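Worth knowing before you read on, the calculation uses all heavy atoms, side chains too, and leaves out hydrogens, waters and symmetry mates. Quantities reported herein were computed from a predicted structural model and do not represent experimental measurements.
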Amino acid sequence: MKSAQKTPRGPRALRTPGGLSVRLDPRALIVVVLLAAVALAAGVVLIGTGDFPIPAGDVVRTLFGHGDAGQEFVVNELRLPRVLVGLLVGASLGLGGALFQAVSRNPLGSPDVLGLGQGATAGALVMIVLFSGSAAQVTMGALVGGLVTGALIYLLAWRRGVHGYRLVLVGIGVSAVATAVNGYLLTKADFVDAARAVVWMTGTLDGRDWKQVWPLLVLACVLVPLVLAHARGLRMMEMGDDVSHALGVRVERVRLVLMVSAVLLTAAATAAAGPVSFVALTAPQLARRLTRSPGPNLVASLCMGAALLVSADWASQRLFGDGQLPVGVVTGVLGGVYLLWLLVTERRAGRI
């Protein structure tokens, strides 16, 4: 009798009639679909949560234009923009964190550790404290602060290329400087501006409307395809710069494009919701553990970030009695615990 041949369960390569080869990992695909479903389901539940509760079925009907006038106003004008901002911010942070960790080849190489959030915070505080800026000006200041910080880290870490550990060490130093600047600005602010700054610095989705949705959505529509187009080069770079060069990858060009994209995603997310901590650190790691797939897991990290942030926002509204915490407090607590666990794991493995 002939033994039955087992079909391999690993990643498969699909070829299109035009000669394009696409790598498909069934487990990773299932994880991405499930994470996207969790993020959307959590968004629907979050839309129905509040002083005027709405059942999930009515939320879905209202989103498709079949709700009454009251539900249309609450869902489409008050709660939907907040949820969309949460999804976009979480997705941007998850993707940005995956890019930084892949480029630095270090699980600690996230925007939280590298100081991009602190740099964006410094830009926002300058607008609040020194210029008493409007919400739009604070957003622009945070975006500029994040971009300047990212450029500074890249330039200081450059020496015949950007080495992963050098990038992390420079980022930690820049983060410390930015934190000191933020503390100085707070001491110079009057009471009203200081209170306003502290609220922004916690990271929150309160009061978010369509003005924050559209810039994030446009940026995501531009940067996500650009990042995915360079995913093959990023995957090859994990084998080392010399091997990547031999395989025809323009390493520094790919690295620069992906780092600029990651900085823009992180800065835009921070500008929209404040410095929401640890989503960029934890989302790629959790996504990799679920997919069990090597490589940066960009799409899975994006979906994981969106699911984490929306779920954390629901928890901040429902799990603390009458009080409502900013979402940044919840992600900070959960992310801090995860960071401690990650450090212990890395130490036991002898990598730090």
How close do [X] and [Y] get, counting heavy atoms only, and between which atoms?
X	Y	answer
Ala189	Val129	CB-CG2, 3.7 Å
Pro111	Gly97	CD-CA, 3.8 Å
Ala178	Gly119	CB-N, 4.1 Å
Gly43	Val83	CA-CG1, 3.7 Å
Val254	Leu234	CG1-N, 4.3 Å
Pro296	Ala102	CB-CB, 3.9 Å

Working for side chain to side chain contact (heavy atoms under 4.5 Å, CB included), residues Cys303 and Val32: CA-CA 7 Å; Cys303 294; Val32 167; 4.0 Å; yes
Are [X] and [Y] connected in the hydrophobic side-chain network, where two residues link if heavy atoms are under 4.5 Å apart?
X	Y	value
Val177	Leu169	no
Val38	Val330	no
Val59	Val85	yes

Qualifying side-chain hydrogen bond (donor to acceptor under 3.5 Å, both in side chains) pairs, either residue in residues 75-87, two or more places apart: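 Only Glu72-Asn76, Arg82-Asp206, Arg82-Asp313 qualify under side-chain hydrogen bond (donor to acceptor under 3.5 Å, both in side chains).
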Pairs flagged by side-chain hydrogen bond (donor to acceptor under 3.5 Å, both in side chains) wherever residues 207-221 is involved - sequence neighbours left out: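 Checked against side-chain hydrogen bond (donor to acceptor under 3.5 Å, both in side chains) - neighbours excluded - no pair reaches residues 207-221.
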Quick one: are [X] and [Y] in side-chain contact, heavy atoms under 4.5 Å?
X	Y	answer
Met127	Met140	no
Leu334	Leu308	no
Leu46	Gln317	yes
Arg255	His230	no
Leu302	Leu35	no
Leu87	Leu309	no
Ile47	Val74	no
Gln101	Ser110	yes

Salt bridge (Lys or Arg N to Asp or Glu O under 4.0 Å) pairs, two or more places apart, involving residues 173-193: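 Output for this query is empty, none listed.
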Criterion side chain to side chain contact (heavy atoms under 4.5 Å, CB included) on Val31 and Met304, from CA distance to verdict: CA-CA 9 Å; Val31 169; Met304 176 62 79; over 6 Å; no
Which residues share a side chain to side chain contact (heavy atoms under 4.5 Å, CB included) with [X], sequence neighbours left out:
X	value
Ala28	Asp25, Thr291
Val218	none
Phe191	none
Val60	Val44, Phe64

Residue list, side-chain hydrogen bond (donor to acceptor under 3.5 Å, both in side chains) with Arg61, at least two apart or on another chain: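 For Arg61, the residues satisfying side-chain hydrogen bond (donor to acceptor under 3.5 Å, both in side chains) (neighbours in sequence not counted) are Asp58.
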Side chain to side chain contact (heavy atoms under 4.5 Å, CB included) between Ile172 and Leu114, intermediate numbers included: CA-CA 5 Å; Ile172 292 173; Leu114 297 180; 6.0 Å; no
Flag, side chain of Thr204 to backbone of Trp200, donor-acceptor distance under 3.5 Å: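 Answer holds: no.
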Given Asn182, Leu185, Thr179, Thr149, the one that forms side-chain contact (heavy atoms from CB on, under 4.5 Å) with Thr121: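 Single side-chain contact (heavy atoms from CB on, under 4.5 Å) partner of Thr121 among Asn182, Leu185, Thr179, Thr149: Asn182.
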Output side-chain donor-acceptor pairs under 3.5 Å for residues 258-283, partner residues at least two apart or in another chain, one line each.
residue: Ser261; atom: OG; partner: Val257; partner atom: O; Å: 2.8
residue: Thr266; atom: OG1; partner: Ala262; partner atom: O; Å: 2.8
residue: Thr270; atom: OG1; partner: Thr266; partner atom: O; Å: 2.9
residue: Thr282; atom: OG1; partner: Phe278; partner atom: O; Å: 2.9

Leu217 side, atom CG; Leu84 side, atom CG - distance, nearest 0.5 Å: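 The distance works out to 8.5 Å.
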Check against side chain to side chain contact (heavy atoms under 4.5 Å, CB included), Phe100 and Leu116: CA-CA 11 Å; Phe100 272 114; Leu116 292 177; 3.3 Å; yes
Connected hydrophobic set around Ile30, excluding itself, where side chains approach under 4.5 Å: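 So far as hydrophobic clustering goes, Ile30 is joined with Leu34.
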